[in-house]
Amino acid sequence: MACQGLALARSSGDYELESQLLWSKTVANSYYDQAEQAQAAGRASIAIARQHGLHDLLAYVLNDLALNLRLSGRLDEGNASAEEARALFRRQGNLPMLADNLTQAAWNAFLQLDLEGALGWVEESIELCPKINNGWTMALARFIRGQIRAVPGAWGAALEDLEASIEIGTEQ
């Protein structure tokens, strides 16, 4: 169906639809562990979005491609994609996606044992989430901060964050 949709979008010159369908392929292929296909579709979607000034869509594709790239071990490329998406979300005032992006950046930094960087990203997300009533991302951010705090042995603070994560997540 995606191939038929892409053919239809291309034949009708609907660049936004073409970019959206390629973005969908990026996400779907990411979930099915088909990194190369996901990345190819993401890059094609990004090229179309850039060429036709689809800045809102561009930010979403960059953000989703960043996760796939990072999980594939392409950290520098994934971080650059996430950083560009973050800048676009800031300019667009897309605060829910900014919070998501910040939380992804925190988790990525944590996995790289960059605790200072991870804490910076997660703190910004935690500060933003209540302003936009984003409980789900707040629960994830508190979980990540709990993990960050546990590494150096700040057990009380870690436990506080982890318990808050469970409570907030349960409410969602």
Side-chain angles (χ1 to χ4, degrees), residues 1-112 117-118 120-141 143-144 169 172:
M1 290 181 81
C3 290
Q4 290 176 341
L6 280 168
L8 180 61
R10 288 176 181 142
S11 69
S12 66
D14 189 336
Y15 302 110
E16 185 170 4
L17 178 59
E18 183 179 0
S19 186
Q20 287 174 340
L21 288 168
L22 287 164
W23 172 35
S24 294
K25 285 182 72 171
T26 301
V27 173
N29 285 326
S30 292
Y31 282 111
Y32 291 104
D33 196 27
Q34 297 172 333
E36 289 181 25
Q37 296 92 327
Q39 292 165 19
R43 287 186 183 98
S45 178
I46 288 167
I48 293 166
R50 286 189 199 287
Q51 182 179 359
H52 297 284
L54 305 171
H55 302 291
D56 290 347
L57 181 57
L58 176 62
Y60 282 93
V61 180
L62 286 164
N63 195 60
D64 285 337
L65 182 59
L67 181 59
N68 180 285
L69 289 165
R70 287 169 167 161
L71 291 173
S72 299
R74 303 177 97 166
L75 296 176
D76 291 341
E77 195 177 348
N79 289 340
S81 185
E83 185 177 324
E84 185 177 353
R86 188 167 40 257
L88 288 168
F89 290 141
R90 286 187 199 282
R91 276 197 297 271
Q92 296 163 359
N94 189 338
L95 300 181
M97 288 307 301
L98 176 59
D100 175 78
N101 181 287
L102 292 166
T103 305
Q104 277 189 40
W107 186 244
N108 179 64
F110 173 73
L111 292 175
Q112 301 307 306
W121 295 122
V122 81
E123 292 287 355
E124 187 176 352
S125 181
I126 287 171
E127 183 180 319
L128 178 59
C129 285
K131 295 175 183 175
I132 58 173
N133 197 28
N134 190 335
W136 168 245
T137 300
M138 175 63 94
L140 181 57
F143 168 79
I144 293 169
Q172 301 305 306

K.L.:
Could you check whether the rings of Tyr60 and Trp23 sit parallel, tilted or perpendicular, using 30° and 60° as the cut-offs?
P.N.:
tilted
K.L.:
How about CD on Glu83, more than 12 heavy atoms from neighbouring residues, nucleotides or ligands closer than 6.0 Å, or not?
P.N.:
no
K.L.:
I need the minimum non-hydrogen distance between Glu18 and Leu6, along with the two atoms involved.
P.N.:
O-CD2, 3.7 Å
K.L.:
Is the shortest side-chain heavy-atom distance between Ser24 and Val27 below 4.5 Å?
P.N.:
no
K.L.:
Do you know the tightest heavy-atom contact between Met138 and Ile126?
P.N.:
CE-O, 3.3 Å
K.L.:
Looking at Trp121, I'd like to know if the NZ or CZ of Arg86 sits under 6.0 Å from its six-membered ring centre while staying within 45 degrees of the ring's axis.
P.N.:
yes
K.L.:
Looking only at non-hydrogen atoms, find the nearest pair between Leu88 and Ala59 and report the distance.
P.N.:
CB-CB, 3.7 Å
K.L.:
Measure the spacing between CG of Asn79 and CZ of Arg74 and express it to the nearest 0.5 Å.
P.N.:
13.0 Å
K.L.:
Would you say the side-chain atoms of Asn29 pair up with the backbone N or O of Lys25, donor to acceptor, closer than 3.5 Å?
P.N.:
yes
K.L.:
For Thr103 and Ser125, test the side chains for any donor-to-acceptor distance below 3.5 angstrom and give the result as yes or no.
P.N.:
yes
K.L.:
State whether the number of non-hydrogen atoms from other residues, nucleotides or ligands found under 6.0 Å of Gln112 atom CD is greater than 12.
P.N.:
yes
K.L.:
How long is the span from the CG atom in Leu54 to the OG atom in Ser19, to the nearest 0.5 Å?
P.N.:
6.0 Å
K.L.:
Give the minimum heavy-atom separation between Ala99 and Cys129, together with the two atoms involved.
P.N.:
CB-SG, 4.2 Å
K.L.:
Out of curiosity, Glu123 CD to Leu128 CG, how far, rounded to the nearest 0.5 Å?
P.N.:
13.0 Å
K.L.:
Return yes when atom CD of Glu36 has more than 12 non-hydrogen atoms of other residues, nucleotides or ligands closer than 6.0 Å, and no otherwise.
P.N.:
no
K.L.:
Taking atom types as modelled, find out whether Ser30 and Asn68 have a side-chain donor-acceptor pair closer than 3.5 angstrom.
P.N.:
yes
K.L.:
How about NE2 on His55, more than 12 heavy atoms from neighbouring residues, nucleotides or ligands closer than 6.0 Å, or not?
P.N.:
no
K.L.:
Taking the side chain as C-beta and beyond, is there a heavy-atom pair between Asp100 and Asn63 under 4.5 Å?
P.N.:
yes
K.L.:
Restricting to non-hydrogen atoms, name the atom on Ala85 and the atom on Asn101 that form the minimum distance, rounded to 0.1 Å.
P.N.:
CB-ND2, 3.9 Å
K.L.:
Are Arg90 and Glu124 within salt-bridge range, i.e. N to O under 4.0 Å?
P.N.:
yes
K.L.:
What distance separates Asn134 CG from Gln172 CD, expressed to the nearest 0.5 Å?
P.N.:
8.0 Å
K.L.:
Side chains of Arg70 and Glu77, heavy atoms from C-beta outward: is any pair under 4.5 Å?
P.N.:
no
K.L.:
Just how far is it from atom CD1 of Ile46 to atom CD of Gln51, taken to the nearest 0.5 Å?
P.N.:
14.0 Å
K.L.:
Considering all heavy atoms of both residues, which atom of Leu69 and which atom of Ser81 are nearest to each other, and what is their separation?
P.N.:
CD1-CB, 4.4 Å
K.L.:
Once rounded to the nearest 0.5 Å, what's the spacing between atom CD of Gln104 and atom CG of Leu140?
P.N.:
9.0 Å
